Amino acid sequence: MSWISNTVGRKFLMALSALFLISFLIIHVAINFLSVFSMELYNSASHFMGTNPLIQFALQPILIAGVVFHFAIGFALEAKNRASRPLKYAMKNSAANSSWMSRNMMITGLVILAFLGLHFIDFWVPEMNYKYIENLPADETRYYGELVHRMSNPLRVGIYVISFILLALHLMHGFQSSFQSLGVNNKFTPAIKKFATAFSFVVPFLFIFIAVYHFLNH
């Protein structure tokens, strides 16, 4: 427990949780991107994810726990960092010693957390209501229509776009930092940094493209 309570241990766990959530982002954007090309493929993939017992009762709780853990330990680290440095020194040297993204990880993290709340309200809560409260029969064809309906609201799409831009900024610093926290520092480090930068741009852009595409074509 003492290892978990120190800063190095927390950063290590933060990095592991970040890489776990990044793997979820890859799966999520891949499934959502199917909706651009094929309503049938998107419905089939969404139905599988929404009805498979392993995903629903094992992986989904782990994912939710991972999100809570990642943000909780991130805010704890940020609070400890702020408390450990003098205010004047931080204000004077922050711009010179760090990037905007690294200085504002808490801000981008809070916005992303708020967005996740909206995303749960938009999709997860109706899904739980459909399956477990109203107990309606399985309908493999409903997912595409639900997605298009959500993306027909310009305010919601605008919130999605802003949130994914901030996610990109969050990833640009966080993805690279995760490998550093895990002690990865070798000849592959420059390539890892390039991949992290590309990933941080491409994945949020795809989410934005999906939202805007369905808004313009609903």
Side-chain angles (χ1 to χ4, degrees), residues 3-4 6-34 36 45 49 59 62-82 85 90 93-119 159-213:
W3 179 78
I4 295 176
N6 67 52
T7 301
V8 175
R10 287 179 178 179
K11 286 184 177 180
F12 187 85
L13 293 174
M14 180 81 170
L16 287 179
S17 63
L19 294 178
F20 168 71
L21 295 178
I22 284 170
S23 67
F24 162 73
L25 276 178
I26 295 172
I27 297 171
H28 197 49
V29 75
I31 292 174
N32 282 8
F33 202 61
L34 290 174
V36 174
M49 296 295 288
L59 297 183
I62 292 173
L63 172 63
I64 294 173
V67 170
V68 173
F69 177 83
H70 181 76
F71 281 98
I73 201 167
F75 293 147
L77 280 170
E78 180 65 19
K80 185 173 182 179
N81 289 339
R82 288 176 180 269
R85 59 179 181 250
N93 293 279
S94 60
N97 298 329
S98 60
S99 66
W100 182 93
M101 290 176 288
S102 65
R103 296 194 308 273
N104 292 279
M105 289 294 280
M106 179 174 283
I107 294 174
T108 56
L110 284 170
V111 174
I112 293 167
L113 187 59
F115 166 74
L116 285 174
L118 173 64
H119 196 61
I159 293 172
Y160 271 54
V161 169
I162 293 171
S163 299
F164 283 120
I165 290 173
L166 291 175
L167 174 63
L169 296 175
H170 194 83
L171 287 171
M172 282 179 186
H173 175 72
F175 200 171
Q176 296 181 26
S177 297
S178 296
F179 288 101
Q180 295 176 5
S181 298
L182 293 174
V184 178
N185 187 17
N186 51 42
K187 64 180 181 179
F188 299 108
T189 299
I192 290 173
K193 288 183 177 180
K194 289 180 181 178
F195 172 77
T197 300
F199 180 93
S200 302
F201 172 78
V202 171
V203 170
F205 171 79
L206 289 177
F207 276 115
I208 291 172
F209 176 81
I210 294 164
V212 173
Y213 172 85

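The first residue in the sequence is number 1, and the count goes up from there. No experiment lies behind these values; they were computed from the predicted model shown.
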If every non-hydrogen atom of [X] is compared with every non-hydrogen atom of [Y], which pair is closest and at what distance?
X: Ala196; Y: Ser200; result: O-OG, 2.6 Å
X: Gly74; Y: Met14; result: CA-CE, 3.4 Å
X: Val36; Y: Tyr213; result: O-OH, 3.6 Å

**Prompt:** What residues, two or more places apart in sequence or in another chain, satisfy ring pair (Phe, Tyr, Trp, His ring centres under 6.0 Å) together with Phe69?
**Reply:** none

Interatomic spacing from [atom1] in [X] to [atom2] in [Y] - rounded to 0.5 Å:
X: Met106; Y: Leu77; atom1: CE; atom2: CG; answer: 9.5 Å
X: Phe20; Y: Leu63; atom1: CZ; atom2: CG; answer: 5.0 Å
X: Thr197; Y: Ile192; atom1: OG1; atom2: CD1; answer: 11.5 Å

**is_close_aromatic(His28, Phe207), centroid dist under 6.0 Å** = yes

Table please: side-chain donor-acceptor pairs of residues 162-175 below 3.5 Å, with sequence neighbours left out.
| from | atom 1 | to | atom 2 | distance (Å) |
| --- | --- | --- | --- | --- |
| Ser163 | OG | Ile159 | O | 2.8 |
| His170 | ND1 | Thr108 | OG1 | 2.8 |
| His173 | NE2 | Ser177 | OG | 3.3 |

**Request:** Would you check if Ile210 and Tyr160 make a side-chain contact, meaning some heavy-atom pair closer than 4.5 Å?
**Result:** no

